[in-house]
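A short write-up of the structure that comes next.
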Amino acid sequence: MPKLGFYIFIILFVFSKQASAEIYKNFLPYSSLAMIKAKYPNAKLEDIKAAWLKENEAFIGLTGVGIIGAINLKFSTSDDYWKTSIESTQREIESNPTADNSIREYDIADFNGRLNLPLDQRLTLDWLRWVPPQAIPFDRIVSKYGKPEKCDFDVDTYQPYCAWTSKGVSANLSDNKKYVYFIEYTFTLEDLGLEKPKPELKRSNKNKKAK
């Protein structure tokens with residue numbers, strides 16, 4: 001089985017050539033929590049216990065001098081993938097006990113090594129939310145990104161939002177749709193090195209009006 005490092009190299013190469021998303025600051029796809037801590041050594045990191053978080057996920061607030069407003073970062077690990085890879089490789093070994101399984105055994109050791117990394121190295125960035133210190137006029141966002149590709153209401157809160165799906169941008173709006181409370185940035189298929197379009201930003205009860 002090819003190593004993850006090879007895939008990451010290919011993904012980063014593709015990203016450097018054809019990225020199309022609106023990347024917020026220097027928060028790139030596949031950035032680990034450890035990498036972000038290294039970039040912002042004096043930032044305050046707060047673990048946000050969001051009710052919608054699943055196992056192997058984290059939602060971290062980042063604030064500090066020099067950071068405008070607050071940045072909330074959604075992370076997840078690939079632990080389940082590595083565990084599944086170990087199980088499937090073990091089955092391959094068991095089904096061919098007389099074969100030379102040295103490569104498969106090496107792979108299992110490699111997968112276990114990834115699972116044993118510190119959590120902040122296993123958590124990688126999925127998307128982020130920027131909460132400005134005060135609401136921003138919606139027209140100002142339109143002047144930057146152009147006409148939204150979709151506008152609707154959150155299915156849980158009925159809060160209006162507009163999305164620029166091709167750019168990976170979604171803005172949570174005031175009831176009169178004149179102001180933006182926060183902006184979410186996700187990664188497009190070009191960023192992730194995928195061939196198929198990434199699903200639109202999922203609207204859920206995480207998209208509450210910022211406090």
Side-chain angles (χ1 to χ4, degrees), residues 8 11-12 14-16 19-78 119-136 138 140-141 144-145 148-150 154 156-157 159 161-173 179-194 197-211:
I8 291 178
I11 289 167
L12 292 178
V14 172
F15 173 76
S16 66
S20 66
E22 181 69 22
I23 300 297
Y24 183 70
K25 292 186 178 293
N26 54 359
F27 295 96
L28 300 176
Y30 305 103
S31 295
S32 69
L33 176 56
M35 293 168 62
I36 291 172
K37 285 181 177 179
K39 288 180 180 178
Y40 296 90
N42 297 315
K44 178 182 177 182
L45 298 173
E46 177 186 5
D47 189 14
I48 303 172
K49 301 295 185 182
W52 45 265
L53 281 176
K54 299 178 182 178
E55 187 179 0
N56 296 329
E57 294 183 334
F59 196 42
I60 307 237
L62 187 151
T63 56
V65 176
I67 295 174
I68 300 174
I71 302 170
N72 297 331
L73 306 161
K74 163 60 173 55
F75 295 89
S76 63
T77 73
S78 298
L119 182 59
D120 64 356
Q121 292 184 35
R122 302 195 326 267
L123 287 168
T124 56
L125 185 63
D126 295 325
W127 54 267
L128 67 89
R129 175 188 298 163
W130 175 56
V131 184
Q134 59 187 20
I136 298 173
F138 178 60
R140 192 174 302 168
I141 305 301
K144 178 175 178 59
Y145 299 124
E149 296 166 34
K150 179 180 180 180
D154 184 280
D156 296 314
T157 66
Q159 195 76 27
Y161 73 90
C162 284
W164 294 259
T165 308
S166 63
K167 298 179 184 295
V169 174
S170 179
N172 181 277
L173 308 177
Y179 295 94
V180 174
Y181 290 135
F182 60 77
I183 302 174
E184 290 183 353
Y185 299 84
T186 189
F187 302 118
T188 65
L189 69 126
E190 288 87 358
D191 302 333
L192 299 171
L194 303 176
K198 187 177 181 180
E200 181 183 345
L201 268 173
K202 182 179 179 182
R203 311 302 302 183
S204 68
N205 58 4
K206 68 182 174 64
N207 292 320
K208 301 288 186 181
K209 178 178 176 181
K211 294 182 180 181

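Minimum heavy-atom separation, Leu28 to Ile23: CD2-CG2, 4.0 Å. For the pair Tyr181 and Gln159, the tightest heavy-atom approach, listed with the atom from each and the gap, is CE1-NE2, 3.6 Å. Minimum interatomic distance between Gln121 and Ser32 (heavy atoms only, all atoms of both residues): O-CB, 3.8 Å. Nearest approach of Ile48 to Gly61, heavy atoms of both residues: CD1-N, 3.7 Å.
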Please walk me through it: do Tyr185 and Lys25 pass side chain to side chain contact (heavy atoms under 4.5 Å, CB included)?
CA-CA 11 Å; Tyr185 299 84; Lys25 292 186 178 293; over 6 Å; no
Go through Phe75 and Ile36 one step at a time and tell me if the side chain to side chain contact (heavy atoms under 4.5 Å, CB included) criterion holds.
CA-CA 11 Å; Phe75 295 89; Ile36 291 172; 3.7 Å; yes
Step by step, work out the side chain to side chain contact (heavy atoms under 4.5 Å, CB included) result for Asn172 and Asp154.
CA-CA 9 Å; Asn172 181 277; Asp154 184 280; 5.8 Å; no
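We find the CD-CG distance between Glu184 and Asn72 to be 9.0 Å, quoted to the nearest 0.5 Å. To the nearest 0.5 angstrom, Asn56 atom CG is 11.5 Å from Lys54 atom NZ. Atom OG1 of residue Thr63 and atom CD of residue Glu46 lie 7.5 Å apart, to the nearest 0.5 angstrom. Taken to the nearest 0.5 Å, the CD1 atom of Ile136 stands 10.5 Å off from the NZ atom of Lys144. Atom NZ of Lys167 and atom OG1 of Thr188 lie 10.5 Å apart (nearest 0.5 Å). Distance check, rounded to the nearest 0.5 Å: CD1 of Ile71 to CG of Leu128 gives 7.0 Å.
Here the side chains of Leu33 and Leu73 are not in contact, with every heavy-atom distance at 4.5 Å or above. Residues Trp164 and Ile183 fail the side-chain proximity criterion, which asks for heavy atoms closer than 4.5 Å. Contact of the Tyr179 side chain with the Leu173 side chain is not registered, since no non-hydrogen atoms from C-beta on lie closer than 4.5 Å. You'll find the side chain of Phe187 stays beyond 4.5 Å of the side chain of Asp126, heavy atoms only. Using a 4.5 Å cut-off on side-chain heavy atoms (C-beta onward), Trp52 and Lys74 make contact.
At most 12 heavy atoms of other shown residues, nucleotides or ligands fall within 6.0 angstrom of atom NZ in Lys44.
When the side chain to side chain donor-acceptor pair (under 3.5 Å) test is applied to Glu149, the partners found at least two apart in sequence or on another chain are Ser166.
Using a 30° and 60° split on the angle between ring planes, Tyr40 and Phe27 fall in the parallel class, below 30°.
For the pair Lys37 (side chain) and Asp120 (backbone), a donor-acceptor distance under 3.5 Å is absent.
In this structure, a donor-acceptor pair under 3.5 Å is present between the side chains of Tyr24 and Trp130.
Aromatic ring centres of Phe59 and Trp127: separated by under 6.0 Å.
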